[in-house]
Amino acid sequence: MSAREAEVLALLGDHLSNAEIAARLFISVRTVESHVSSLLRKLELPDRRALSRLATASATDTDNAAEAPARPAPTRPAPLPAPLTAFVGRVRERAELAAAVQAHRQVTAVGPGGVGKTRLALAVAAELAGGFADGVWFVDLVPVADPARLWPVVAAAVGVGEQPGRGIEETVSAALADREALLVLDNCEQIRDAVAPFLERLLTACPRLRVLATSRARLMVPFERVHPVPPLALSGGDESDAVALFMDRAAAVGWPPGPSVAAGVVALCEGLGGMALAIELAAARWATLGLDGLTAGLSDQLRILTGGARADDRHRSVRAVLDWSHDLLEPDDRALLRRVSVFAAPFTAEAAAEVAGFAPLEPSAVADGLGRLAEQSLLAVAPSATGTRYRALETIRQYGTERLADAGEQTDTRSRHLGWCLTAADALTGPNAHKADTSDRPVRFDALADDLRTALAWAADRAELRADARRLARSLAELAFARKLLGEAQQRYEQAAALVGHDAATTIGVGTGADTGAADLRHAAAVAGCRRLGDDAYRLHRAAADAARRAGNTVDAGRDLAAAATVAYRFSSEFAELPAVDEVADLLAQARELARGGGPAADAALGLAEAAVLADAFGAIQGSSENSAQQTVERAEHAVALAQVAGGPVAESAALDALSGAQSWAGDPFADAAAARRRIDLLAPLPPTPASTHELADALAMAAGTALGVGRLPEALRWGGHLAEHPLLADAVHHATSWLLITDALAGRADRVLAGSTGFLDAWERGGRPRSLSLGPAAASVAMVHGLRGEHDARAPWLTVVDLAGTAAEHRYGYGAVFDAMVLLHHGDPDAALDRIAPAPEEMWKRVCWVWLHWYAALRTEASVLAGHPDARERITATRTLVTGNPVATAQVDRAEALLDGDVPRQLAAAAAFDAAGCPYQAARTRLLAGGDHATAGRTALAELGLTP
């Protein structure tokens, strides 16, 4: 660690921002960023917060540290792939390509298959890795046949998950926007049309990112610098790179060539055009054929070169060697080579036997055949967590695919591959899979995923395989969801619905109950809900209604329309463009007509939609303010009663969410919190389906918020911790940790708030600066902590974030009033605090106060006492009745009354009550207000919390 890095680390321990560190050390903000990235790499720590903790470890309150829940951390770059053989030669090419990457934003190493592009790119990336503060990511595009998979594959490689409310394209661009890193994209040619717009968008959005791509043809993007990769150098005779590679690989098979054959090896390498793959394949035969055999075989083959008039000499040289190597194989090994080309990912011997083991090849002979192909360098072998796996280099795999078509075996082999994929997917998703240990399920899926996608792409285009394709799409959707690949899960559920036979869609009779994909579309809508994509959820519920109607299931169609109407109001903040109020009202009317009297489940769906649309139980953006609180509660209670009859935990949880909101608007936060807790009790035992997962994440957020609303800070921390650890939010730190920030801020734990604020802000920025009922308060809580610390310059930017992350009305009269009043009272300005919270709680619109009602009322009462308001005692009496049962608010009212009466013992009793309620800030402030020696203890306690008296 350099001296400057040590200085930066020390200032990180003081919780200074990059701008503050730059000003303190008289360096640029970018230089600070580089030092922070270097420290993370050298100390092998996951994030900035970990650096701050390291710098201040001795001062950390161990009790508070033990209480703090774990929060998600970003993923660091994985090590570059380590080739099993040494990199030989290419000194000049390495230097030139490295210089090009350092000088240009995007460099494409171009050359024919087998020339050595991948090995050269890996060598250069390893050499340059130390010069990129955020490291190097390697993305292998060989398994990617579907252009739509490009962004998700890159996201997985760089460790970026989906952000709620945004597409994976936006998420990746935002995550890499400020990264100083090198992205290596290998084998771009098969999806070149997708790579070009990908690079144009990514490089525009990420000014510090550089890309090194390998491709057989240039990518045609504005930033591109093309770097042709030539064959291995032949100049220098037996000292050339080409000969050096041959000698190295020939020695590896057990018979190093001696100097007496040097001239013959030079001629051989010249005949192979210096192509790296061709040389390696020839060297693999050295031990069995010797120079004479190699020269004779290749000379004969090179006289009958194939590849067509458009293929240049380099392409034809590789094809010639592949043809020659293929022709030297026994017939069974030829069949095996071409048949295993259908595997998109490394495969086991067992898988190969099942797919390739049919006449004339016996399944029992497959394992030996794989070994022989590996000995000839036609297959690579690598150990894995699930056993030895084999893989063909992409050039050889493409060659095998051509041979498979020539042999007329493509349909048979791919059909067997499809069957193998279905069986493997069933093993991970079927009834027996859920009974077994699933700890290795992610690893097994990752090893299988590319083959599932390849098989699905092939089967989906064949009418006779539509049923199998649909079954595979459903399995892939379920597995992708379990792996938190939410975008793909939604895509696959929609694909499964689209794979319903066209004939079925046109010949279904009314009342037949045939399957037209409605269930798949409902699952897709639930996944869209998990992604916070309200527009998609709304669209998919409507599509499910159309599918149900085509099947003659009018009741189900009505339920789906009711669900669409509910989504429009319940999750209105998650829409990019809200549907018109009249449109949703019409959906509800249609739903009533179709589903009325359709049974308990239909009644429950209609009851919830009516509570949402007619009574605005969820406090929607477009909701009416004219509904009385009592009417809203009655509608919500009716929805809960109907859901209980229907017997579905997810439906009952949604109805309880409506009741929770209604009770909040009615000024009953205790009933609000109780309803939220009931939701978790219902949902916790359920398997993690898209619908239950979406519902549980929402329930945890509501439980944390409503517990905070009634002063149960330890409970709020517990639910907030569960939310932060929820796998659905692993890549959405802003959503995951918002309630933890708010709770810690109100408790006064400044160190934890400031430590968590960096990750929150980074994630919020990368997530597209969304608004929500928790993000605005979370930002306001950080601003409040800076205000309590007297850091007004640091507070100002956070207040700007508040304006963007929340809504003006809520900030003015809800959480903003609470946090601002706390800062003003802390600094001894009760008059200004009283002005900030002047309106009586009952005067404000139902959405504004929400979980802040008790905090608002108690602060207003205290400010009235300290400001000498003539109605102070009446306000104490009224507020005491309102907050009875809330330990924090009750202690605050007790303190206000004790201050009004000058009763120091009662003030100290209030301090003890704050301590018992988990609110050390108010306990310390109470002792400060008590004066004398108590004030000294209060100042000490505030300092220990990281706050100024």
Would you give the length of the straight line joining atom [atom1] of [X] to atom [atom2] of [Y], rounded to the nearest 0.5 angstrom?
X      : Y      : atom1 : atom2 : result
His735 : Leu723 : NE2   : CG    : 10.0 Å
Glu169 : Leu150 : CD    : CG    : 9.5 Å
Lys484 : Thr693 : NZ    : OG1   : 6.5 Å
Glu224 : His104 : CD    : NE2   : 11.5 Å
Gln490 : Cys530 : CD    : SG    : 10.0 Å
Asp178 : Asp134 : CG    : CG    : 7.5 Å

>> Under the rule for salt bridge (charged side-chain N to carboxylate O under 4.0 Å, His left out), what residues qualify as partners of Glu494, not counting sequence neighbours?
In response: Arg539
Any salt bridge between [X] and [Y], counting N to O under 4.0 Å?
X      : Y      : result
Asp426 : Arg474 : no
Glu695 : Arg570 : yes
Asp560 : Arg522 : yes
Glu409 : Arg339 : yes
Asp186 : Lys117 : no

>> Tell me which pairs pass side-chain hydrogen bond (donor to acceptor under 3.5 Å, both in side chains) where either residue lies in residues 146-156, with sequence neighbours left out.
In response: Arg149-Glu488
Between [X] and [Y] (side chain of the first, backbone of the second, donor and acceptor by atom type, cut-off under 3.5 Å), is there such a pair?
X      : Y      : answer
Trp764 : Pro770 : yes
Arg391 : Pro346 : no
Ser341 : Leu337 : no
Thr413 : Gln410 : no
Arg414 : Trp458 : no
Ser173 : Leu202 : no
Thr454 : Ala344 : no
His541 : Ala563 : no

Considering all heavy atoms, the nearest [X]-[Y] contact:
X      : Y      : value
Ala489 : Ala480 : N-CB, 3.9 Å
Ala528 : Asp536 : CB-CB, 3.7 Å
Ala351 : Thr348 : N-OG1, 3.1 Å
Glu189 : Ser215 : OE1-CA, 3.3 Å
Leu472 : Ala425 : CD1-CB, 4.3 Å
Ala547 : Leu521 : CB-CD1, 4.2 Å

>> side-chain contact (heavy atoms from CB on, under 4.5 Å), that's the test. Do Val136 and Val184 meet it? Break it down for me.
In response: CA-CA 7 Å; Val136 177; Val184 181; 4.0 Å; yes
> With no hydrogens and no angle check, do the side chains of Glu583 and Tyr538 hold a donor and an acceptor under 3.5 Å apart?
Replying inline: yes
Check: [Y] and [X] side chains under 4.5 Å, non-hydrogen atoms:
X      : Y      : result
Trp420 : Asp451 : yes
Asp140 : Phe138 : yes
Val650 : Thr689 : no
Val195 : Leu141 : yes
Val110 : Val229 : no
Leu479 : Leu452 : yes
Arg179 : Val158 : no
Val153 : Val139 : yes

> Which residue, Arg483, Arg492, Arg441, forms the salt bridge (Lys or Arg N to Asp or Glu O under 4.0 Å) with Glu478?
Replying inline: Arg441
>> Go through it in stages, so that I can follow the logic: the residues are Phe571 and Thr566, the test is side-chain contact (heavy atoms from CB on, under 4.5 Å), and I'd like the CA-CA distance, side-chain angles, deciding distance and then a yes or no.
In response: CA-CA 8 Å; Phe571 301 111; Thr566 300; over 6 Å; no
>> Run the side-chain contact (heavy atoms from CB on, under 4.5 Å) test on Leu219 and Arg192 for me, step by step, so that the C-alpha distance in whole Å, both residues' side-chain angles and the decisive distance to 0.1 Å come before the verdict.
In response: CA-CA 6 Å; Leu219 302 176; Arg192 189 164 63 114; 3.6 Å; yes
Could you pull out every donor-acceptor pair under 3.5 Å between side chains of residues 399-408 and any protein atom, sequence neighbours left out?
{"unit_1": "Tyr399", "atom_1": "OH", "unit_2": "Asp323", "atom_2": "OD1", "d": "2.6"}
{"unit_1": "Tyr399", "atom_1": "OH", "unit_2": "Arg403", "atom_2": "NE", "d": "3.0"}
{"unit_1": "Tyr399", "atom_1": "OH", "unit_2": "Arg403", "atom_2": "NH2", "d": "3.0"}
{"unit_1": "Thr401", "atom_1": "OG1", "unit_2": "Arg397", "atom_2": "O", "d": "3.0"}
{"unit_1": "Glu402", "atom_1": "OE1", "unit_2": "Arg319", "atom_2": "NH1", "d": "3.2"}
{"unit_1": "Glu402", "atom_1": "OE1", "unit_2": "Arg319", "atom_2": "NH2", "d": "2.9"}
{"unit_1": "Glu402", "atom_1": "OE2", "unit_2": "Arg319", "atom_2": "NH2", "d": "3.4"}
{"unit_1": "Arg403", "atom_1": "NH2", "unit_2": "Asp323", "atom_2": "OD1", "d": "3.3"}

>> His227: which residues meet the ring-ring contact (aromatic ring centres under 6.0 Å, His included) condition with it, sequence neighbours left out?
In response: none
> Got a sec, which residues hit ring-ring contact (aromatic ring centres under 6.0 Å, His included) with Phe347, two or more places apart in sequence or on another chain?
Replying inline: Phe343
> Is atom CD of Glu577 surrounded by more than 12 heavy atoms (other residues, nucleotides or ligands) closer than 6.0 Å?
Replying inline: no
>> Per the ring-ring contact (aromatic ring centres under 6.0 Å, His included) rule, what does the pair list look like for residues 163-185, sequence neighbours excluded?
In response: none
> Under the side-chain hydrogen bond (donor to acceptor under 3.5 Å, both in side chains) criterion, do Gln106 and Arg225 qualify, and how do the steps go?
Replying inline: CA-CA 6 Å; Gln106 195 268 306; Arg225 178 79 172 196; over 6 Å; no
> Relative to Phe223, does Arg105 satisfy both conditions: NZ or CZ under 6.0 angstrom from the six-membered ring centre, and within 45 degrees of the ring's axis?
Replying inline: yes
>> For a side-chain contact (heavy atoms from CB on, under 4.5 Å) check, start with the C-alpha distance between Val342 and Val355, then their side-chain angles and the critical distance, and finish with the verdict.
In response: CA-CA 9 Å; Val342 300; Val355 172; 3.9 Å; yes
